[in-house]
Peer 1: 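Quick one: the structure is below, questions incoming.
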Protein chains: 2
Amino acid sequence: MGVTKTENFTEAQNQLASLAKALAHPARVAILQYLLKQQTCICGDLVEVLPLAQATVSQHLKELKSVGLIKGEIEGTSVCYCINEAVWEQAKNTLLKLFTLPINTKKCC
Amino acid sequence: MGVTKTENFTEAQNQLASLAKALAHPARVAILQYLLKQQTCICGDLVEVLPLAQATVSQHLKELKSVGLIKGEIEGTSVCYCINEAVWEQAKNTLLKLFTLPINTKKCC
DNA sequence: TGTGTTTATCGTAATATTACGATGTAGATT
DNA sequence: AATCTACATCGTAATATTACGATAAACACA
């Protein structure tokens with residue numbers, strides 16, 4: 001079916017999954033890394049940096065924007081994209097919460 | 001096209017993306033949380049815990065296994081799945097590395 | 001006003017993912 | 001051996017993702 005049964009999982013599980021989904025493409029990882037590194041951040045740069053067409057980059061930006069990890073402000077003709085620091089911190093904590101859960105020692109393996 | 005141009009991104013970017021992809025479904029998040037919490041870990045439990053058919057659960061387990069986050073050992077008739085702690089730690093560090101990158105203060109937004 | 005520049009959106013093709021019933025397989029049990 | 005149990009795999013349908021050319025929209029500038 002290709003449709004995730006979100007309604008049968010917890011809010012937290014769905015949230016973590018959609019955050020992970022946003023990171024689940026190398027282009028989006030690259031975009032985030034670039035935005036973290038750069039001081040100015042204009043979309044045009046990204047099209048030059050990434051091995052993808054302009055339309056595709058725009059699509060990836062849209063996805064990152066929809067989960068809130070980045071925000072874009074119109075700056076004359078171009079758009080200034082940057083990390084949304086609040087959401088970024090929140091995302092970090094969400095992931096950390098999963099990875100710092102205690103691992104019970106298993107009886108079997 | 002639906003096919004990711006992995007060859008144009010760095011090894012690290014692709015690795016992070018495929019790790020994230022493994023986490024990008026609430027069922028897989030739920031599986032990991034369950035495995036972290038449980039001391040014994042038999043697949044049959046998961047089918048009862050998750051709101052999904054056995055075939056679907058098996059499919060999700062396969063994906064988690066393929067990125068190495070979990071490992072399964074045959075234990076008589078059933079299979080003992082558990083977190084692969086080494087890979088788990090590595091995954092944690094991979095993600096942390098992204099999220100602890102310094103955020104440059106932006107000139108624009 | 002007309003023309004370029006920059007980014008978003010549309011349309012669409014190729015491929016991937018999600019889900020499940022049916023079936024296969026392997027060890028356990030009678 | 002026949003059967004049960006537990007899990008994997010196959011086949012398939014529905015839907016989502018990825019990518020890009022074409023086009024639209026918004027602003028800048030001559």
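Keep in mind that what you see is a predicted model, and the values were worked out from it rather than measured. Both backbone and side-chain heavy atoms feed into the values below; hydrogens, waters and symmetry mates do not. Numbered from 1 within each chain, the chains take letters A, B, ... in sequence-line order.
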Peer 1: What's the spacing between B/Leu36 CG and B/Gln38 CD if we round to 0.5 Å?
Peer 2: 10.5 Å

Peer 1: Rounded to whole Å, please give me the gap between NZ in A/Lys65 and C1' in C/dT9.
Peer 2: 13 Å

Peer 1: May I ask you to say what B/Ile74 touches in the nucleic acid, namely base, sugar-phosphate or nothing, with a heavy-atom cut-off under 4.0 Å?
Peer 2: nothing

Peer 1: Using a 4.0 Å heavy-atom cut-off, does A/Ala53 contact any base of the nucleic acid, only the sugar-phosphate backbone, or nothing at all?
Peer 2: sugar-phosphate

Peer 1: Between A/Phe9 and A/Val79, name the one whose nearest nucleotide on DNA chain C is closer to the 5' end.
Peer 2: A/Val79

Peer 1: Taking 4.0 Å as the cut-off, does a side-chain nitrogen or oxygen of B/Tyr81 come that near to OP1 or OP2 on D/dA8?
Peer 2: yes

Peer 1: In whole angstrom, what separates B/Glu75's CD from D/dT5's C1'?
Peer 2: 15 Å

Peer 1: In whole Å, what is the span from the CG atom of A/Leu52 to the P atom of D/dG21?
Peer 2: 11 Å

Peer 1: For A/Thr10 and A/Gln13, which I'm curious about, is there any donor-acceptor pair between the side chains at under 3.5 Å?
Peer 2: yes

Peer 1: Indicate, with a heavy-atom threshold strictly under 4.0 Å, whether B/Lys21 touches base, sugar-phosphate, or nothing.
Peer 2: sugar-phosphate

Peer 1: Rounded off to whole Å, could you give me the CG-to-C1' distance for the B/Leu50 and C/dA19 pair?
Peer 2: 13 Å

Peer 1: If you pin A/Ala24 and B/Thr77 to their nearest nucleotides in DNA chain D, which one's is more 5'?
Peer 2: B/Thr77

Peer 1: Over how many whole Å does the gap from B/Asp45 atom CG to D/dT5 atom P extend?
Peer 2: 17 Å

Peer 1: From C-beta outward on B/Arg28, which listed nucleotide comes closest to its side chain: C/dC20, C/dT7, C/dT18?
Peer 2: C/dT18

Peer 1: In residues 47-56 of chain A, what donor-acceptor pairs under 3.5 Å come from side-chain atoms, sequence neighbours left out?
Peer 2:
none

Peer 1: I need the B/Cys43 SG to B/Ile31 CD1 distance, nearest 0.5 Å.
Peer 2: 8.0 Å

Peer 1: Provide, to the nearest angstrom, the distance between the CD atom belonging to A/Gln54 and the P atom belonging to D/dT18.
Peer 2: 17 Å

Peer 1: Mind checking B/Ser78 for me? I need base, sugar-phosphate or nothing, with any heavy atom below 4.0 Å counting as a touch.
Peer 2: sugar-phosphate

Peer 1: Return the CD1 to CG distance between B/Ile83 and A/Leu101, rounded to the nearest 0.5 Å.
Peer 2: 9.5 Å

Peer 1: Whole angstrom is fine here: how far is it from CG in B/Leu23 over to C1' in C/dT18?
Peer 2: 17 Å

Peer 1: For the pair B/His60 and B/His25, name the ring-plane relationship: parallel under 30°, tilted 30 to 60°, perpendicular over 60°.
Peer 2: tilted

Peer 1: Return the residues of residues 56-63 of chain B meeting this criterion: a heavy atom under 4.0 Å from some atom of DNA chain C. Order them by number, or give none.
Peer 2: B/Thr56, B/Gln59, B/His60, B/Glu63

